[in-house]
Amino acid sequence: MKKFYAAVFTFVLGFSLLGFAQDTSSGSSASTDKKVAKAEKKEAKAAEKGKDMRLTGWVKEEGGKDVFVNDKDKQTWEIANQDAVKGHEGHHVKVKAKLDESNHSMNVDKLTMMKEKKQAGEMKTKS
């Protein structure tokens with residue numbers, strides 16, 4: 001009888017630990033989702049009001065055109081004025097730009113390169 005109780009106890013303990021392991025991993029993705037949603041809401045508000053937005057991200061070439069990939073929400077924005085980012089492909093930059101949600105594009109007013117130590121890291125992509 002003792003062996004039976006020991007087996008049941010081990011079984012229950014094992015499954016309860018599996019439940020906790022799953023719980024902790026979902027918490028981190030939930031907080032990431034909240035940050036992304038907050039960033040997207042802020043961008044939409046700025047676009048609606050026609051205000052400039054300051055964003056940090058990467059300039060990369062996609063389909064023969066330069067695009068901006070935002071660090072916070074990993075959204076890709078088409079760049080309306082390509083000359084403003086010419087020569088910055090693959091660089092980590094800060095931009096001041098007007099956003100247009102209707103066609104998901106931006107008009108870059110000012111571009112500033114990030115410090116050299118931040119340039120060394122490669123662009124992070126969504127996992």
Side-chain angles (χ1 to χ4, degrees):
M1 197 66 159
K2 288 182 182 180
K3 289 182 182 180
F4 175 74
Y5 287 129
V8 169
F9 177 75
T10 304
F11 181 75
V12 170
L13 181 65
F15 275 102
S16 64
L17 291 176
L18 286 175
F20 284 118
Q22 290 177 352
D23 231 4
T24 57
S25 65
S26 66
S28 64
S29 68
S31 67
T32 302
D33 291 343
K34 285 181 183 179
K35 287 180 183 178
V36 168
K38 185 177 178 181
E40 289 174 357
K41 186 177 178 181
K42 191 174 181 181
E43 291 166 2
K45 235 183 204 182
E48 183 181 307
K49 293 182 178 181
K51 290 186 174 184
D52 282 343
M53 182 90 187
R54 295 179 194 278
L55 302 169
T56 304
W58 294 86
V59 176
K60 81 178 212 186
E61 190 175 342
E62 205 171 82
K65 286 186 158 187
D66 292 330
V67 294
F68 178 83
V69 181
N70 189 1
D71 281 348
K72 284 193 178 180
D73 58 9
K74 304 299 184 227
Q75 284 191 16
T76 301
W77 293 84
E78 290 184 25
I79 301 171
N81 54 338
Q82 294 282 306
D83 291 338
V85 296
K86 196 169 203 106
H88 290 286
E89 298 83 5
H91 291 163
H92 198 208
V93 297
K94 288 182 185 179
V95 296
K96 180 179 171 187
K98 283 192 179 12
L99 305 179
D100 185 356
E101 284 281 329
S102 64
N103 60 1
H104 215 63
S105 68
M106 66 170 37
N107 192 348
V108 177
D109 296 329
K110 182 179 179 184
L111 181 138
T112 309
M113 293 275 294
M114 296 292 286
K115 292 182 180 178
E116 191 173 324
K117 65 181 178 181
K118 295 196 178 195
Q119 289 294 329
E122 291 183 29
M123 186 176 86
K124 295 176 185 175
T125 58
K126 264 188 178 174
S127 304

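We use all heavy atoms of the structure for the numbers below, so side chains are in, but hydrogens, waters and symmetry mates are not.
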Worksheet item: Tell me, do Glu43 and Leu55 make a side-chain contact under 4.5 Å, heavy atoms counted?
Response: yes
> Does the side chain of Ile79 come within less than 4.5 Å of Met106's, by heavy atoms?
Replying inline: yes
Worksheet item: Taking Glu101 for the side chain and Glu48 for the main chain, is one N or O donor matched with an acceptor at less than 3.5 Å?
Response: no
Pairwise side-chain contact, Val93 with Val85, heavy-atom cut-off 4.5 Å (strictly under):
no
Under 4.5 Å between any side-chain heavy atoms of Thr56 and Met114, yes or no?
-> yes
Derivation of the ring-ring contact (aromatic ring centres under 6.0 Å, His included) call for His104 and Trp77: CA-CA 6 Å; His104 215 63; Trp77 293 84; 3.8 Å; yes
dist Lys94:NZ -> Lys115:NZ (nearest 0.5 Å) comes out at 8.0 Å
Output for pair (Lys42 NZ, Asp73 CG), nearest 0.5 Å, gives 11.5 Å
Notebook entry, point to check: When you measure from the side chain of Asn81 to the backbone N and O of Val108, does any donor-acceptor pair fall under 3.5 Å?
Noted result: yes
Review point. Is the closest side-chain heavy-atom distance between Asp66 and His88 below 4.5 Å?
Key: no
- prompt: Run the side-chain contact (heavy atoms from CB on, under 4.5 Å) check on His92 and Asp71 step by step: do they pass?
  reply: CA-CA 9 Å; His92 198 208; Asp71 281 348; 2.7 Å; yes
In terms of heavy-atom contacts, Thr10 and Ala6 come closest through OG1-O, 2.8 Å
Interatomic distance, NZ@Lys51 vs NZ@Lys45, rounded to 0.5 Å, equals 9.0 Å
For Lys98 and Gly50 the tightest heavy-atom approach is CE-O, 3.7 Å
The residue among Lys60, Glu62, Gln75 that forms side-chain contact (heavy atoms from CB on, under 4.5 Å) with Val69 is Lys60
d(His91 NE2, Met113 CE) to nearest 0.5 Å is 4.5 Å
Is it true that Met53 and Val67 fall in one hydrophobic cluster, defined by side-chain heavy atoms closer than 4.5 Å? no
